[in-house]
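All residue numbers in this chain count up from 1 along the given sequence. Whatever order the structure lists ligands and atoms in, that order sets their numbers, starting from 1. Values below: every heavy atom of this structure, side chains too, minus hydrogens, waters and symmetry copies.
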Amino acid sequence: MSVLIYVDHADGHIKKSTYEALTYGAELAKQINTTAGALLLGTVEDDITSLGKYGVTKVHQLADESLNHVDAQVFSKIIAEAANTVGADVLVFSHNPSGKAIVPGVAARLKAGLVTGAVALPDTGNGFVVRKTVFSGKAFANVSITSAVKVISLNPNSFHTTEGEGSAEAVALNIAVPAGKIKVTSVNKVKGEVPLTEAEIVVSGGRGLKGPENWGIVEDLAHALHAATACSRPVADADWRPHHEHVGQTGVQIAPNLYIALGISGAIQHLAGVNRSKVIVVVNKDAEAPFFKAADYGIVGDVFEVVPKITEAVKKLHS
Ligand SMILES: Cc1cc2nc3c(=O)[nH]c(=O)nc-3n(C[C@H](O)[C@H](O)[C@H](O)COP(=O)(O)OP(=O)(O)OC[C@H]3O[C@@H](n4cnc5c(N)ncnc54)[C@H](O)[C@@H]3O)c2cc1C
């Protein structure tokens with residue numbers, strides 16, 4: 001058995017969730033007494049040999065610039081071929097938008113059992129059992145993979161990153177890039193300081209903000225914390241904020257280290273997208289708001305009074 005970890009990247013840089021997947025894959029390799037390697041499709045500005053710090057011995061790279069944008073059909077074909085070339089039995093991805101798009105195709109091509117949204121290292125004591133979240137994060141399932149080849153996608157922010165010493169060997173992959181059936185004609189990037197799915201801290205606003213004209217207090221706090229902004233669904237439905245900021249069951253699902261909910265009631269559909277956050281802080285004027293049950297810290301108060309004070313305090317701390 002050997003473990004191969006997919007390296008996700010954008011704009012020339014390796015994504016944070018990749019470091020978690022690398023650590024996960026390397027620890028799994030240790031657990032089953034094998035080696036871990038990384039697989040990079042496309043080109044990055046980062047030093048790929050430094051991925052050795054996360055426990056991989058080799059970085060297999062297909063350095064073709066046409067692969068700098070993900071085409072799931074093309075990628076799954078190449079990754080399946082790469083897995084056969086390097087002899088990988090366990091493939092690890094991050095369960096982020098690229099990972100979600102690629103893994104079904106990879107698993108189908110390799111006739112592999114697939115577990116998406118893993119949250120812990122597999123139990124390999126008797127078989128190969130992977131713990132994953134189900135029902136929008138409200139429960140866990142332990143899923144046994146019985147196929148020879150196994151594919152796992154790891155929920156972002158559910159596993160630590162361990163950075164040690166060491167350098168990986170960069171190995172060029174010799175695989176022909178198949179012609180894609182789709183062509184990316186334009187890319188419209190979301191503006192903002194920090195992409196929502198990659199953000200360590202997210203400041204989110206709900207209907208309690210009363211209207212889009214009041215979003216300055218959300219943005220000021222986000223700016224002070226170098227955080228991304230998000231919102232509840234009715235806020236996006238009312239066009240107070242763009243839809244890409246809507247988090248929850250029907251929106252983006254996130255797991256930042258800190259989620260600050262301002263004037264959001266905490267409906268189950270909202271919680272489904274944010275309840276994997278490490279720490280949740282809620283500001284709501286209604287002490288009975290359901291969100292307080294899911295909160296680590298709560299302030300019962302008016303957002304228009306409380307939030308500017310928090311922002312001031314954060315700015316003072318930084319200065
Ligand atoms: C199938 C389905 C899918 C859904 N998917 C999603 C989803 O993905 N994401 C999502 O968010 N919702 C989703 N919803 C909607 C969800 O059920 C709630 O209606 C929604 O989350 C409520 O948004 P809110 O908390 O912003 O607004 P409200 O429920 O109106 O709550 C506003 C909160 O602000 C507080 N407040 C008011 N004024 C102040 C003030 N001045 N200071 C402090 N607090 C104040 C109030 O006490 C209240 O708790 C879905 C619903 C359905 C049926």
### Query
Is there a donor-acceptor pair under 3.5 Å between the side chain of E169 and the backbone N or O of V59?
no

What does the N/O contact table under 3.5 Å look like for ligand 1?
unit_1   : atom_1 : unit_2 : atom_2 : d
ligand 1 : 5 (N)  : T250   : OG1    : 2.8
ligand 1 : 8 (O)  : H246   : NE2    : 3.0
ligand 1 : 8 (O)  : Q249   : N      : 3.0
ligand 1 : 8 (O)  : T250   : N      : 2.9
ligand 1 : 8 (O)  : T250   : OG1    : 2.8
ligand 1 : 9 (N)  : V247   : O      : 2.9
ligand 1 : 11 (O) : R233   : N      : 2.9
ligand 1 : 11 (O) : H270   : ND1    : 2.8
ligand 1 : 17 (O) : Q269   : OE1    : 2.8
ligand 1 : 25 (O) : S265   : N      : 2.7
ligand 1 : 25 (O) : S265   : OG     : 2.9
ligand 1 : 26 (O) : R207   : N      : 2.8
ligand 1 : 26 (O) : S232   : OG     : 2.6
ligand 1 : 29 (O) : S265   : OG     : 3.0
ligand 1 : 30 (O) : R207   : NE     : 2.9
ligand 1 : 30 (O) : R207   : NH2    : 3.1
ligand 1 : 34 (O) : G263   : O      : 3.1
ligand 1 : 38 (N) : K210   : NZ     : 2.8
ligand 1 : 41 (N) : D302   : OD1    : 3.1
ligand 1 : 42 (N) : V303   : N      : 2.9
ligand 1 : 44 (N) : K285   : N      : 3.1
ligand 1 : 47 (O) : N284   : OD1    : 2.7
ligand 1 : 49 (O) : N284   : ND2    : 2.8

### Query
Without hydrogens or angle criteria, can the side chains of T133 and N155 be said to hold a donor-acceptor pair below 3.5 Å?
yes

### Query
Do other residues, nucleotides or ligands put more than 12 heavy atoms under 6.0 Å from E213 CD?
yes

### Query
Counting only N and O atoms by type, is there a donor-acceptor contact under 3.5 Å from the side chain of K132 to the main-chain atoms of G117?
no

### Message
Does K15 have more than 12 heavy atoms from other residues, nucleotides or ligands lying within 6.0 Å of its NZ?
### Response
yes

### Query
Does the side chain of S94 come under 3.5 Å of the side chain of E20 through a donor N or O and an acceptor N or O?
no

